[in-house]
Every structure is written in C-alpha cells, then in structure tokens.
There are 2 protein chains.
Amino acid sequence: MPRDAAATRAKLLSAARDEFAEHGVGGARVERIAKRAGVNKERIYGHFGNKEALFEAVMVDALAEHTNGIGLPSGDIAEYAGRLYEFHRKNPQLLRLLMWESLHYGEDAELPGRENRRALYTEKVGALAGLLGTRADRRTTSLMMVLIGLAAWPSTLPQLNRLISDVSEEPTSGEDLDTAVRDTIVEVVRKATADWSDGGPDGGGGPGGDGPGGDGRPEGS
Amino acid sequence: MPRDAAATRAKLLSAARDEFAEHGVGGARVERIAKRAGVNKERIYGHFGNKEALFEAVMVDALAEHTNGIGLPSGDIAEYAGRLYEFHRKNPQLLRLLMWESLHYGEDAELPGRENRRALYTEKVGALAGLLGTRADRRTTSLMMVLIGLAAWPSTLPQLNRLISDVSEEPTSGEDLDTAVRDTIVEVVRKATADWSDGGPDGGGGPGGDGPGGDGRPEGS
DNA sequence: CTTATACAACCAACCTTTCGGTTGGCAACT
DNA sequence: AGTTGCCAACCGAAAGGTTGGTTGTATAAG
C-alpha cells in the first residue's frame, strides 16, 4: 500500500462526515472515525488539528458538494421546492450535519465557512428575485427561507412528522406519504408564489393588516 | 430547609430541561444538572433512574407544558401559524429539545410519550380539517406538517436563517426581520389555504399533475 | 406528651470506563 | 540522509453511575 497523504485525508473526511452526521460533534468518537477510515487516530491530529477543526472541514466539504449537486432556483419555483424536498428526503445527511452544527454553536457564534455560505445564499436569493420579478428585499429573503424550510422540514424532525402522518384516516404506506407531502409542498408554494409581485408589504390588504379572525381571503380573489 | 421529595424532583426536572436544551442527551452533564438544581447528583438516580430516563421525563414534561400553552388551530389558520412562529421565536427551548431528541434516537426508534403525542396531533389535525371543511386525510396531515414546519423552521436553524436574511439589500434590524418573516409566513399560509377544499388530490389540475416547467398558475382562476 | 422505630430523602466520596489528545519510533519516498 | 506519512502504546481528565452512611419525618407504643 503506497503512502498517499491526500487519499488518507479524503478517507478521514468521508468517515468523519458519516460519524458526525450520526453522532454530532460531542458524540462522535475520534477513534471510531479513524477505524472507519482504516487509518490511525493520530492522523486526524496530523491532518486537521483536533476534533472541532475536523468537523468544520467536514461542513465545508459537505456544503460544497451540496452546492454542486443542487443548482439555483430556476424554472417553476414550486417544482424547485419539490426537488429540494426530494433531495433532503433521500439524503438526510447534510440536514443532520446542519442541525448538529446549529445546536453545537451558540445562537450568536460564527459558522464555519460563513462568507462562502453567505455568498451562496446571495446567489440563490438573487435567482429567486429574478424568477419573481422583484428585488432581493426582506420579503424575498423571507420567502427564500420559507421555501427551504418547507422542503427541509419533513426530514428535519422525521419521527415527529411521521407521528403526524400516522394520524391520517387513510391507511398510508411510506411511498404514498412521501408523494402526498411532496404534492402538498408543491401546491403550497405554487399558490403562495402565484401572484407574489402583486402582494408586496404595502399592497392593499397585505399581510399583517388583516389581523386575527380575518376571513382568510387576501387580495380579493 | 425541610425535606420535600416533590420539590426536589421538580427542581431537577427544570434544571435538566435547561441543561438538555443546551447540550442534548450526550452533552448534558449529570453533575451540572445536580448543581443547577442545588441537589446532590445521586438524587437524579433516585428519582429517575439514569440520564436517558431523565431526558424522557423532561420531554414529556415540556410537551405537556407546551400543549397547555398553545391551543388547537382555531380562527384564521394563517394567524395560527403566525402565533406558532412567535411562540418558537420567543421560546426556542422546546424546539431545541425536539431536535436533540430527533438526532439522538434513530430514525425508527420509539419516541418517549409516543401515544400521548399521537393523540395530541390527532386533535390538531381534526381541528384543522374542521376549519378547512375537509376530512383528516393524507392531504390534511401533510398540510398540518407543513404549517408547523413553516412556523418552526426559522427557529430551528437560526444561524443559517440569519445568514439568509443578511442577504437582503435592505438594511435590517432584528425586529424588522422578525416581522418580515412572520408576515411572509402568514401570507404564504393564507394564500395556500384560501381555497383549500377546492384543490384536492383528484381535483382538476391538482398538485403533481403539472410537472416541472409548469407556469406556476394552478387551478385556473 | 414523650420516646422508640421504621422509612424515605439526602449527600460525600469513590470506582470504572472512556475519551481526546500526545509521544517516540518505524518505514518509505526524494 | 533527511523529511514526511504513519502507527502502537500511553496519559490525564472527566464522566456516569454506585455505595455506605446520615438526617429528617411520620407513626405508634408507652
């Protein structure tokens, strides 16, 4: 077996990603990561310094990969949300990493790779604004947030959301459920964005002006 | 100081809730919990058995409290979502506990207090179906899930969502942001539920029948 | 009313295991 | 020959959980 520092590093990164996704920063075991990678524990310290730094490297790596896999919002926004939903459903690892990260760092802490991530969202919000024919204002960023949340939520607290699904009066297989949720997300986004540029924050009868107990029919049909 | 088992138990439960919300099951320190409660560590084992059982007790306790605080969906559904958003925004502890729980237990594990929680969601979905004039079918449970997700998401990954918000071209204070997000959520829910009972899964041109590249204008209008 | 007895709440100190991180030496490529 | 990737063995700290014993409280006999 030839020596190959880059390959060792890559193996460690991949093993660490699995381990961190499963157990988080505190729960991950350095020894397990080394064993998964088939590499000595000390190599982790040689390559990355310590466990925390390894976690940050994993995050940067995973986010870069995700960015290349999912493009910017394009075409039909609702279908974009549907695609996003499917991605997280099939590949929950990234979401788990994000959750661990969010819980691990304090509310006001600096996230690893902050500037890169910010730039990425700038692009995404810009693309969304382009599709909607609006500017990248607060309302559009909020919508972006809502879009991502809609798509990611069912995979974020999967047990809880399965609990909710079990309530249905219809007997439901996993497959059915998946498409039902997907369809609902697409439907909600479609309706919400249908006439988005008309309903700005200062538009007549806009959001927040209706108050509790309103009839739920904004912007007159 | 008189001896009072119930009071000791309550102090432990409260201290444990804080500790678990901050650090999760694995990261919580039994000694710290005891110190926070001003009680000897051993009392935890006397009252609850072990750390995991203490966590389950905390979850049941916290969920019961939340249930009493937030009622069933009623009145305007969109405003209900807005209220839910505000609750999680001001009181992120429960959401953090749910995230730790979700990450801690495997995808297929049994959640503590499962049956109680299920019953609670049955009520909620029932109330939602009543407001919408539909049955508690898959589509309604999916909507319930989406509603909760919408309201909870910004508080679930707060750092990430603040990153998205920072992208806005408008200068934004924390206060502004909060109301902008809230307004967006209310608006999205209002539009999505406006003619919910018309757009069922088998209705003409319903969700999922439009395919990618659709024009984003559902159901005629 | 006092005292003896049983039991529950409580605590300080301890034990065992585990874990993140380090060290000294070996082997391979330049 | 020297530099670098690599590893087995080791170390100190900390954590979950246990134990033996003490103090408060309720009950019932004297």
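A note on names: the letters A, B, ... follow the listed sequences, proteins ahead of strands, and every chain is numbered from 1. Note that this is a predicted model, so its numbers are computed, not measured.
Using a 30° and 60° split on the angle between ring planes, B:His66 and B:Phe87 fall in the tilted class, from 30° to 60°.
Remark: the backbone N or O of A:Thr193 is not paired with any side-chain donor or acceptor of B:Lys191 at under 3.5 angstrom.
Distances from the side chain of B:Ala5 to the nucleotides C:dA9, D:dC6, C:dA12 place C:dA9 closest. Relative to the side chain of B:Lys51, the nucleotides C:dA12, D:dG16, C:dG21 differ in distance, and D:dG16 lies closest.
B:Pro112 pairs by the side chain to side chain contact (heavy atoms under 4.5 Å, CB included) definition with B:Glu56, B:Glu101, B:Tyr105, B:Arg117, not counting sequence neighbours. Partners of A:Ala37 by side chain to side chain contact (heavy atoms under 4.5 Å, CB included), not counting sequence neighbours, listed by chain and number: A:Lys11, A:Leu12, A:Ala15, A:Val39.
Both B:Arg9 and A:Tyr45 lie near DNA chain C, and the one whose nearest nucleotide falls closer to the 5' end is B:Arg9.
Taking atom NZ of residue B:Lys11 and atom C1' of nucleotide C:dC10, one finds them 11 Å apart after rounding to whole Å. D:dA8 atom P lies 14 Å from atom CD1 of A:Ile44, rounded to whole Å. Between the P atom of C:dG25 and the CZ atom of A:Arg43 lies a distance of 17 Å, rounded to the nearest Å. For the pair B:Glu19 CD and D:dA15 P, the interatomic distance rounds to 10 Å; values are reported in whole Å. Residue A:Glu42 contributes atom CD, which lies 7 Å from atom C1' of D:dC6 at whole-angstrom precision. Distance CD (A:Glu52) to C1' (C:dC19): 16 Å, rounded to an integer number of Å. Protein atom CG of A:Asn50 is 13 Å distant from nucleotide atom C1' of C:dT22, rounded to whole Å. Taking atom CG of A:Leu12 as the reference point, atom C1' of D:dG5 lies 12 Å away to the nearest angstrom.
For the contact set between residues 23-41 of chain B and DNA chain D, defined by any heavy atom under 4.0 Å, the members are B:Ala28, B:Arg29, B:Val30, B:Lys41.
Taking 4.0 Å as the cut-off between side-chain N and carboxylate O, B:Arg190 and B:Asp76 count as a salt-bridged pair. Salt bridge status for A:Glu79 with A:Arg83: absent, with no side-chain N to carboxylate O gap under 4.0 Å.
Close to C:dA9, at under 4.0 Å from its OP1 or OP2, lies no side-chain N or O of B:His47.
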Decide yes or no on salt bridge (charged side-chain N to carboxylate O under 4.0 Å, His left out) for A:Arg32 and A:Glu22, but give the supporting numbers first. CA-CA 12 Å; A:Arg32 270 203 301 254; A:Glu22 278 177 43; over 6 Å; no
